[in-house]
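Structure, as structure tokens:
What you see is a predicted model; the values in this text were computed from it and never measured.
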Amino acid sequence: MGGSHSREDLDLSDSDSEDAESRASDNSSDYGTPPPASASSKAAGGAGAATPASVDAIDRQLRSLRLKYNEPISPNPSPGLAPTANPAALNAVKLYLHIGGSSPSAKWIVSDRLAAASFVRTGDDEDDDAPATGPWCLVVGSKIRARVGPELQLKTFPAQRRVDFVADGVWALKFLHADGFGDFCAKYHSCLFENSYGVAANDEGRAKVFGKDFAAWARPEDGDESIWEDATDGFSPGPKGSPMPPRTPTLKPLMEDLREFEEPVEEGSGIQSLALGALDNSFLVGDSGIQVVRNFEHGIHGKGMSVKFSGGNTNFSTPKKALLMRAETNMLLMSPATDGKPHAKGVHQLDIETGKVVSEWKFEKDGADINMRDITNDSKGAQMDPSESTFLGLDDNRLCRWDMRDRRGIVQNLASAAESPVLQWTQGHQFSRGTNFQCFASTGDGSIVVGSLDGKIRLYSKSSMRMAKTAFPGLGSPITHVDVTYDGKWILGTTDTYLILICTIFIDKDGKEKTGFSGRMGNRIAAPRLLKLNPLDSHLAGANNRFREGRFSWVSISCHFLTMKLCSDYH
């Protein structure tokens, strides 16, 4: 991608021409950008000219009167924070702006040679004396004022004393002092916590949000990090004899070959769902049908083949979920019953070899139609069973198992059915309180992981859908997709702006290794890892970019067996 050379290093000449260019571009700023000083005023700088110190003093006096003026009255680069915009202040920074997008000429330019970075509450600039109670905002000089939240995509570079973030553009702060950089990072995390959870970022507030058992999530430095030292050993294929076919990992660099989502897509045929196969093929479900891609050790590649929907009542909306089953010869497609809503009243069963919809199943319990938000296999590997007839279902407050056989265990005669066959509710639980389930996945032994709107991730053992063995607290963003490894040791949650990687392994009081699916982890837990794009890459991906469907792969595309997919609203 063009301009990649400017992602990490702020290697600038800081010439007058570049600085003038950056100040000229500041005229488009909508947050009190000061006009550049004229060349004549520079030349006139003599004994009678006002020094920067005297200008700052006058500016401070005027601002103490809370005068209402729209334009800055001082040529100081950061008039809004003039009292602290000096080289000796801990929050003194040099502000850079990235220009040129992804073009070869993309670069960083100096936007402000000396500014002050601070955090203020919305309402701090009001006239009344009441304390401000609004959300925390990041303020940098006169150029930037942005709410602290995931949308900043903030990333730190400690070795460079540098912070990158997105706020109507891509910016970088270069701190003049190491202590100032550390102080900024600590304050940022406190403000982010308060904005996300609405409680103070102290021990009491963290205990209220995370609980005493998840102290490592609130303070990662206090958690057990030994599990990450040999994390690559934890990503392994299923055991011998399991329905998941083993594959040998390829540990050489393969990034140049990972083109799994760069296949050309027809106009208007955006990808909605990925059905990851364990055999030769995987499937991309889109608006116009199903694209067949071939599995390789280092990724998946298009075969130039597609399956068009036909047969049955094919006037259904584009499927949002595809589920492989019966030795990967059939696929269940779940389409929203209402546009804009993810819930479905049933599923369409597709024969992959013929491309025909052979049946339309209805969700029903106690004679009443119900909706489902998501479906998945009974266990990871169950799709390889040629006689598979059950699968799991999820709704906002329901977790259940559906059976395609009738109550006597006999496969229903689809050809003679006058109406759509009815799926049998065989096991499950309907929660009385709002759990706001969003997505789920199963392990090799049938244990279940569920992601929620509040960001929580719950682990259910294979023997019970009623009570979660472990419930990881949310980190402020809804979980939109979740996956788990075959052995249940690793969980990957997807949000719009980051992926969260969780290790479920812990040692019980008897010294035995367990996972959070089989026992309560208590305080024996490692802090999670958050994976996200660099601010520049996130900005260049577009205003509506978001992560979707992060997965662990059955094909070894990297030493971590991890497949990530970044989708945008444009395809």
Side-chain angles (χ1 to χ4, degrees), residues 91 117-126 128-139 145-156 163 165-167 182-225 396-397 431-438 450-459 468 470-480 482 491 493-502 516 520-530 532:
N91 64 342
S118 62
F119 296 96
V120 300
R121 282 192 180 276
T122 303
D124 273 348
D125 52 355
E126 298 294 333
D128 55 62
D129 296 329
T133 58
W136 287 100
C137 292
L138 169 63
V139 176
R145 187 185 186 97
R147 185 183 187 277
V148 176
E151 59 275 10
L152 282 181
Q153 293 284 321
L154 187 140
K155 181 177 182 179
T156 61
V163 174
F165 60 94
V166 177
D183 185 60
F184 175 92
C185 293
K187 289 181 178 178
Y188 167 77
H189 288 297
S190 294
C191 294
L192 179 63
F193 183 90
E194 293 191 26
N195 280 359
S196 299
Y197 303 108
V199 297
N202 50 34
D203 290 341
E204 182 180 353
R206 294 185 180 94
K208 182 178 180 180
V209 173
F210 296 117
K212 63 180 181 179
D213 289 342
F214 290 90
W217 289 51
R219 297 183 182 278
E221 64 276 10
D222 296 336
D224 179 11
E225 297 300 293
D396 295 0
N397 301 309
F431 298 85
S432 57
R433 292 185 296 175
T435 52
N436 291 316
F437 292 151
Q438 299 289 298
V450 183
S452 302
L453 185 64
D454 58 4
K456 289 184 178 179
I457 294 179
R458 297 174 172 87
L459 309 185
T470 302
F472 297 105
L475 296 179
S477 298
I479 303 296
T480 60
V482 70
I491 293 172
T494 304
T495 73
D496 286 349
T497 56
Y498 60 83
L499 304 177
I500 176 172
L501 183 62
I502 301 172
R520 296 192 179 279
M521 301 183 70
N523 58 3
R524 301 174 296 273
I525 180 176
R529 288 290 187 266
L530 299 187
K532 58 184 180 181

(request) List the atom of Ala471, the atom of Phe214, and the distance in Å for their closest heavy-atom pair. (result) O-CZ, 3.3 Å

(request) Measure the spacing between CD1 of Ile500 and CZ of Phe472 and express it to the nearest 0.5 Å. (result) 9.0 Å

(message) Between Thr480 (side chain only) and Thr494 (backbone N and O only), is there a donor and an acceptor less than 3.5 Å apart?
(response) yes

(request) Would you please test Val482 and Val450 for side-chain contact (heavy atoms from CB on, under 4.5 Å) and show each step? (result) CA-CA 7 Å; Val482 70; Val450 183; over 6 Å; no

(request) Decide yes or no for Val199 and Phe193: does some side-chain heavy atom of the first lie under 4.5 Å from some side-chain heavy atom of the second? (result) yes

(request) Take Leu152 and Val166 through the side-chain contact (heavy atoms from CB on, under 4.5 Å) test and state the conclusion after the steps. (result) CA-CA 5 Å; Leu152 282 181; Val166 177; over 6 Å; no

(request) Using side chain to side chain donor-acceptor pair (under 3.5 Å) as the criterion, list what pairs up with Asn195, not counting sequence neighbours. (result) none

(request) May I ask you to test the Leu501-Ile491 pair for a side-chain heavy-atom distance under 4.5 Å? (result) no

(message) How close do Gly474 and Phe210 get, counting heavy atoms only, and between which atoms?
(response) O-CE2, 3.8 Å

(request) Calculate, to the nearest 0.5 Å, the distance between atoms OG1 and CG belonging to Thr470 and Leu459 respectively. (result) 5.0 Å

(request) State the OG1-NZ distance between Thr435 and Lys456, to the nearest 0.5 angstrom. (result) 10.0 Å

(message) Angle between ring planes, Phe184 versus Phe119, binned at 30° and 60°: parallel, tilted or perpendicular?
(response) tilted

(request) Look up atom CG in Leu475 and atom CG in Leu530, then write down how far apart they are to the nearest 0.5 Å. (result) 6.0 Å

(request) Return the minimal non-hydrogen interatomic distance between Ser190 and Arg206, and the atom names on each side. (result) OG-NH2, 4.4 Å

(request) Please name all residues satisfying side chain to side chain donor-acceptor pair (under 3.5 Å) with Ser452, sequence neighbours left out, ordered by chain then number. (result) Arg458

(request) Mind checking the CD1-CD1 spacing from Ile502 to Ile457? Nearest 0.5 Å is all I need. (result) 3.5 Å

(message) Quick check against the 3.5 Å criterion: does Lys208 have a side-chain atom that pairs as donor or acceptor with the backbone of Ala200?
(response) no

(request) Work out which heavy atom in Ala167 is nearest to a heavy atom in Ala146; give both atom names and the distance. (result) CB-CB, 4.0 Å

(message) Test of understanding: with side chain to side chain donor-acceptor pair (under 3.5 Å), list the residues that count as partners of Asn436, not counting sequence neighbours.
(response) none

(request) Spell out, as yes or no, whether a donor-acceptor pair under 3.5 Å connects the side chain of Arg145 to the backbone of Val139. (result) no

(message) Rounded to the nearest 0.5 Å, what separates atom CG in Leu138 from atom CG in Leu192?
(response) 11.5 Å

(message) Would you say that Tyr188 contacts Val148 through its side chain, given a criterion of any heavy-atom pair below 4.5 Å between the two side chains?
(response) yes

(request) List for me each residue that meets salt bridge (Lys or Arg N to Asp or Glu O under 4.0 Å) alongside Asp454, sequence neighbours excluded, and say none if there are none. (result) none

(request) Could you label the plane-to-plane angle of the Phe431 and Phe437 rings as parallel, tilted or perpendicular, counting under 30° as parallel and over 60° as perpendicular? (result) perpendicular

(request) Report yes if some heavy atom in the side chain of Thr497 is under 4.5 Å from a heavy atom in the side chain of Glu151; otherwise report no. (result) no

(message) So which atom in Pro135 and which in Arg147 form the shortest heavy-atom distance, rounded to 0.1 Å?
(response) CB-NE, 3.7 Å

(message) Tell me the closest heavy-atom pair linking Ser118 and Asn91, and the distance in Å.
(response) CB-ND2, 4.3 Å

(request) Can you sort out the partners of Lys187 under salt bridge (Lys or Arg N to Asp or Glu O under 4.0 Å), two or more places apart, ordered by chain and number? (result) Asp183

(request) State which residues pass side chain to side chain donor-acceptor pair (under 3.5 Å) with Gln438; sequence neighbours excluded, sorted by chain then number. (result) Arg373

